[in-house]
Amino acid sequence: MIPTISISLIIILITALVWQYFLNKKKYQHPDYLSNLKLACEFLGRTKNLDDYLTWVERDYIKAQYSATWKFFKNKTAFYSKENIVKEFNELYSELDAFTVRYNQNYVKTQKEKLSAYFDNIEGKKLDDQQRTAVITDEYSNLIIAGAGSGKTLTILSKVQYLTEQKKISPQDILLLSFTKKTVAELNERLLKIVPEVEATTFHKLGYDIIKEHYNQKPALANENTLARVIREYLQKDIFDHPEAMQAYVQYVACYMNIPDKLDNSNSLGEKVDTEKGIDFQTLKAKCEPLNKIEKANLNSIQGERVKSVEELIIANFLYLNGIEYQYEKAYPHGEILYCPDFYLNEYDLYLEHFGVDENNQAGWLTPFFEKKYVEEMQLKRERHKTHKTTLLETYSYYNRDHILLEKLEQILLEKNVALKPRDTSEIYEIVSQDGKNFGREIIKLIESFINLSKSRRLDSNSLIELFSERNKTQNNFIYERQLTFLKFILPILEKYDKTLLKSNEIDFNDMINKAADEVITHKPLYNYKYIIIDEYQDISFSRFNLINQIREISGARLICVGDDWQSIYRFAGSDISLFSNFGKHVGQYEQLFIEQTYRNSQSVIDISSKFVQKNPKQIIKKPKSKKENLDDPVKIVHFTSEKVQDTFITELQYLASRYGNKSILVLGRHSFDIDDLIRLTPYSRIKYFEASGKLQVTGFEHMDIQFMTVHKSKGTEADNVIILNLRNNLLGFPNKMTDDPIVSLLLSDQEEYQFAEERRLFYVALTRTKNEAILLIPSEASVFGEELLKEHNYLLTSHNGKINITNCPYCQTGKLMIRTNSLTASQFLGCSHFPQCNQTYRNLEILDNDFLCPRCESGFMVKRNGIYGDFLGCTNYPRCSCKINCQ
């Protein structure tokens with residue numbers, strides 16, 4: 001007898017089997033099942049049989065093709081999850097991004113192994129591993145970052161050869177571009193030997209060829225010097241018919257041009273001085289008035305009135321422009337102790353002091369000890385004016401920090417009934433616009449940079465006003481006024497330039513590239529390019545990028561951009577580094593590759609130059625490396641005085657000749673006129689300069705190949721050794737503080753806020769031209785770049801008894817104490833290298849041998865003194881600090 005429970009179980013099992021049968025039958029009878037299963041099999045077969053690099057475009061195309069199948073199986077997981085094909089499809093599809101990465105990595109590895117012998121002989125050279133990776137990698141968009149001297153051109157040629165020989169790409173389907181005739185000529189010369197069917201071209205020729213196809217009458221191209229000529233004409237003639245533009249120009253040069261855009265980030269007086277170094281502190285009054293008109297009792301005035309800070313310069317120039325007669329640091333006529341207030345307003349018998357404090361009456365740029373002293377002295381000055389019943393007006397550093405200094409200054413003057421009588425700017429303009437021929441050249445370059453970048457981005461006057469208004473919503477008043485003032489005299493020049501081109505029926509380079517892009521959009525020519533390769537991509541401009549983007553939209557070509565953002569130095573010609581540093585923002589997903597093995601510099605040069613350029617956090621991080629033997633001192637800093645610059649230069653030639661023999665020497669200047677300091681055209685000069693060839697002929701070194709060129713022109717060249725000139729700290733030094741004006745960066749796709757960013761890259765280019773050493777000739781007042789290298793690499797600053805002096809001034813904290821001589825008594829003392837901004841002094845020369853800081857005030861030095869109980873160490877700040885240490 002079968003138990004009842006067993007019968008029940010059998011019935012349940014039979015029911016389940018029957019149900020499963022009908023369920024499975026229903027599953028397999030689903031009208032989309034077989035078609036989706038077929039597509040799943042197709043997807044798996046497609047991914048397993050890949051034999052080429054898989055781009056993200058192809059990956060996304062595959063994803064889109066099989067997305068419906070993915071959704072079908074995903075929504076019916078319970079039905080199909082146990083099917084092997086379905087399970088495999090679901091897993092692979094869901095991780096297709098990661099699969100693509102793994103597959104491409106394996107593809108590159110396999111190709112390297114397969115073509116090892118092939119890559120061992122490209123132009124007779126053996127590619128390194130990074131170069132091979134760059135050649136094989138074949139993403140839709142590729143950015144190859146090639147360091148200085150890393151074989152960039154060889155990599156490009158290898159890519160072309162690989163595409164034509166290994167991937168069987170037709171030479172006509174490769175568009176190879178570079179920026180200058182020189183680089184294109186070099187590419188084509190080398191291509192002739194390996195792939196003669198491929199020919200590189202310039203952007204200039206590409207754009208012009210496009211226009212020729214669609215214009216009945218070919219437009220004439222403006223001479224590259226036309227813009228500079230128009231700027232000169234306007235500044236020399238036309239501006240006199242535009243009073244507002246003239247007023248703006250004078251105000252910009254006098255109050256804004258060489259003023260740092262960030263004035264509130266200093267943690268010490270020394271940092272502030274370092275930031276302001278090189279600024280021309282001569283006031284507008286000194287530039288515009290003959291010396292016999294200036295009160296000769298004032299030493300500053302006799303020398304051409306120079307103030308001590310940016311804030312004082314802003315005040316002095318504001319007073320002069322508004323017709324307010326003043327005297328700078330005139331001795332106060334009351335009391336026995338000498339006291340010189342910052343400004344005395346003659347007509348109104350008013351004194352003006354500018355105090356370096358914040359809204360809480362604190363001077364955070366000083367140590368606590370000196371801060372207390374400074375605030376106490378402020379109060380003593382106020383009390384003195386009260387005692388002698390004179391009126392003291394006050395302004396403060398926090399006004400400048402908050403960018404309201406001029407606004408507050410005007411307010412307190414009007415409250416005291418001081419009349420503002422703006423001067424006729426025509427006479428002032430004549431003087432400030434002719435402030436040296438080199439100044440004129442550089443301001444023209446600044447204006448050229450601004451106009452080139454504007455035209456590259458198709459920004460006319462209205463667009464520029466709108467752009468600056470939009471961006472200035474987040475700016476402060478000072479920066480806004482600075483930019484507005486600049487626009488007032490720039491926009492008329494831009495309009496004059498456009499009218500000049502229109503009148504002569506010409507277009508300039510930016511117009512041509514923009515019109516070419518328009519023609520591509522309108523006519524959609526048939527482009528069959530499969531690859532677009534751009535050499536020197538760091539020099540790309542917005543207009544050039546837009547043209548390439550339009551061609552790519554039609555052709556679907558893969559893009560290979562090769563360059564080095566550390567060497568982006570042509571902003572004045574319209575290049576926009578943000579198109580490199582933010583590559584993905586403009587092209588979408590891309591592959592970033594590096595070529596870091598340098599074949600020019602030693603590792604010691606690389607380490608110094610790389611650290612220097614990467615101070616700017618927006619520069620892409622890379623780690624260049626070299627197998628060349630290191631030098632102990634690859635960067636040598638040599639001080640010189642102006643009257644002995646030739647002797648110093650020749651001494652360094654002797655040093656290089658004795659160490660390396662008659663090897664090539666490249667003499668580099670930030671500007672073409674830097675050579676003038678060196679050649680000193682006198683009958684006894686040992687140096688002759690042949691401008692046409694750039695050759696330098698030096699008596700006694702006739703067999704050495706010595707050539708001078710600007711750093712800009714030196715890019716792409718190299719020499720056994722390099723000598724860099726003009727590392728002086730002034731407006732037209734290195735860095736050039738005029739052409740690297742922050743206002744230009746407002747026209748980039750993304751603003752570049754790091755101070756002297758382009759000049760820093762330019763200096764990096766200069767350092768890396770050498771195969772061996774770079775010698776830097778630095779005057780007594782070193783540029784900020786020279787100072788940076790001095791501090792960070794412990795080079796010699798000043799010496800005392802043969803020892804390196806590294807004693808910092810406790811007051812300003814960054815200046816160095818150095819021995820000076822009193823001109824009246826001939827006695828020696830220690831003074832700060834930041835004088836006159838820092839006038840701290842010490843009588844004790846032994847401080848250089850033992851700089852023992854006071855443990856109590858931390859702002860003075862402990863020096864040996866004699867007392868009734870014997871010798872002891874006392875603080876130099878006595879009696880304000882009575883710290884003593886017994887010597888017994």
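Computed from a predicted model, the values in this text were never measured in an experiment. Positions are given from 1 along the sequence.
- Side-chain contact annotation: Tyr53 with Gln111, donor-acceptor N/O pair under 3.5 Å absent.
- Judged purely by atom type and a 3.5 angstrom limit, Gln597 has no side-chain atom pairing as donor or acceptor with the backbone of Pro624.
- Lys109 NZ: 12 or fewer foreign heavy atoms inside a 6.0 Å radius.
- Ring pair Tyr118/Tyr162: centre-to-centre distance not below 6.0 Å.
- With salt bridges taken as basic N to acidic carboxylate O contacts below 4.0 Å, none links Lys182 and Glu186.
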Can Leu154 and Arg190 be said to form a side chain to side chain contact (heavy atoms under 4.5 Å, CB included), step by step?
CA-CA 9 Å; Leu154 176 62; Arg190 294 169 69 174; 4.1 Å; yes

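- For His712 and Phe572, the ring centers are positioned less than 6.0 Å apart.
- For the ring pair (Phe, Tyr, Trp, His ring centres under 6.0 Å) test with Phe612, the passing option among Phe763, Tyr764, Phe756 is Phe763; the others fail.
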Let's go through Ile847 and Leu830 carefully: what are the C-alpha distance in whole Å and the side-chain angles of both, what is the deciding distance for side chain to side chain contact (heavy atoms under 4.5 Å, CB included) to 0.1 Å, and is it a yes or a no?
CA-CA 9 Å; Ile847 288 172; Leu830 295 182; 3.8 Å; yes

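- Contact of the Lys625 side chain with the Thr598 side chain is not registered, since no non-hydrogen atoms from C-beta on lie closer than 4.5 Å.
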Could you walk me through whether Gln603 and Ile606 pass side chain to side chain contact (heavy atoms under 4.5 Å, CB included), step by step?
CA-CA 5 Å; Gln603 190 63 47; Ile606 291 169; 3.8 Å; yes

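- Under 3.5 Å, the side chains of Glu596 and Gln130 contain a donor-acceptor pair of N or O atoms.
- Note: Asp674 CG to Leu668 CG = 10.0 Å, rounded to the nearest 0.5 Å.
- Residues Asp138 and Arg558 share a closest heavy-atom pair of O-NH1, 2.6 Å.
- A side-chain donor from one of Lys816 and Asn808 sits under 3.5 Å from a side-chain acceptor of the other.
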Salt bridge (charged side-chain N to carboxylate O under 4.0 Å, His left out) for Lys152 and Asp564? Distances and angles first, verdict last.
CA-CA 9 Å; Lys152 169 183 66 68; Asp564 182 8; over 6 Å; no

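- By the 4.0 Å N-to-carboxylate-O rule, Asp539 lies too far from Arg544 to be salt-bridged with it.
- Using a 4.5 Å heavy-atom threshold, the side chains of Gln592 and Ile620 count as touching.
- The two residues Leu453 and Gly574 have their closest heavy-atom pair at CD2-O, 3.4 Å.
- A salt bridge is defined here as a Lys NZ or Arg NE, NH1 or NH2 lying under 4.0 Å from an Asp or Glu carboxylate O, and Lys193 with Glu123 fails to meet this definition.
- With Val562 as reference, Ile144 is the one residue of Asn142, Leu143, Ile144, Thr153 to meet the side-chain contact (heavy atoms from CB on, under 4.5 Å) rule.
- Looking only at side-chain heavy atoms (C-beta outward), Asn721 and Ser664 stay at 4.5 Å or farther from each other.
- A side-chain donor-acceptor contact under 3.5 Å links Gln619 and Arg761.
- Across all non-hydrogen atoms, the minimal contact from Thr768 to Asn601 is O-ND2, 3.3 Å.
- Using cut-offs of 30° and 60° on the angle between ring planes, the pair Tyr537 and Phe580 is tilted.
- The local environment of NZ in Lys695 is crowded, with over 12 non-hydrogen atoms from other residues, nucleotides or ligands closer than 6.0 Å.
- Atom SG of Cys838 sits about 8.5 Å away from atom CG of Leu817, to the nearest 0.5 Å.
- Side-chain atoms of Ser658 come within 3.5 Å of backbone atoms of Tyr655 as a donor-acceptor pair (strictly under, hydrogens ignored).
- A donor-acceptor pair shorter than 3.5 Å cannot be found between the side chains of Ser714 and Thr717.
- A distance of 10.0 Å separates CD1 of Ile532 from OG of Ser141, quoted to the nearest 0.5 Å.
- Taking the side chain as every heavy atom from C-beta outward, Leu767 and Ile724 approach each other to under 4.5 Å.
- Counting heavy atoms from C-beta on, the side chains of Lys663 and Leu656 never come closer than 4.5 Å.
- At a threshold of 4.0 Å, the pair Lys771-Glu718 counts as salt-bridged, since one of the basic side-chain nitrogens sits closer than that to a carboxylate oxygen.
- Counting heavy atoms from C-beta on, the side chains of Lys628 and Arg600 never come closer than 4.5 Å.
- For the pair Asn121 and Lys126, the minimum side-chain heavy-atom distance is 4.5 Å or more.
- His671 and Thr710 share no side-chain donor-acceptor pair at under 3.5 Å.
- For the atom pair Lys622 NZ and Ile595 CD1, the distance stands at 10.5 Å (nearest 0.5 Å).
- Across all their heavy atoms, Val184 and Ser178 have their closest contact at CG2-CB, 3.8 Å.
- Under a 4.0 Å N-O distance rule, the pair Lys125/Asp120 does not qualify as a salt bridge.
- For the atom pair Ile621 CD1 and Ser610 OG, the distance stands at 11.5 Å (nearest 0.5 Å).
- Donor-acceptor pairing under 3.5 Å is recorded for the side chains of Thr133 and Lys112.
- Scanning all heavy atoms of the two residues, the minimum distance from Phe649 to Val698 falls at CE2-CG2, 4.3 Å.
- In summary, Arg571 and Glu448 do not engage in a salt bridge, as defined by a charged side-chain N under 4.0 Å from a carboxylate O.
- Proximity of a side-chain donor or acceptor of Glu702 to a complementary backbone N or O of Gly700 within less than 3.5 Å is detected.
- In summary, Lys627 and Asp128 do not engage in a salt bridge, as defined by a charged side-chain N under 4.0 Å from a carboxylate O.
- Between Pro810 and Thr367, the shortest heavy-atom contact is O-CG2, 3.8 Å.
- No side-chain donor-acceptor contact under 3.5 Å links Asn452 and Tyr570.
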Worked verdict on Ile145 versus Leu593 for side chain to side chain contact (heavy atoms under 4.5 Å, CB included)
CA-CA 6 Å; Ile145 302 172; Leu593 304 146; over 6 Å; no

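- For the residue pair Gln538/Glu536, the side-chain donor-acceptor check at 3.5 Å is satisfied.
- Within the 6.0 Å centre-distance limit, the rings of Phe708 and Tyr689 are counted as a close aromatic pair.
- With rounding to the nearest 0.5 Å, the separation of CG in Leu115 from CD1 in Ile136 is 6.5 Å.
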Checking side chain to side chain donor-acceptor pair (under 3.5 Å) for the pair Glu773/Tyr660: CA distance, chi angles, key distance, verdict?
CA-CA 10 Å; Glu773 286 188 52; Tyr660 303 100; 2.6 Å; yes

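- Between Thr770 and Asp720 the shortest side-chain heavy-atom distance does not fall below 4.5 Å.
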Using the side chain to side chain donor-acceptor pair (under 3.5 Å) rule, take Thr183 and Thr180 through it: C-alpha gap first, then chi angles, then the decisive distance, then the call.
CA-CA 5 Å; Thr183 55; Thr180 66; 3.0 Å; yes

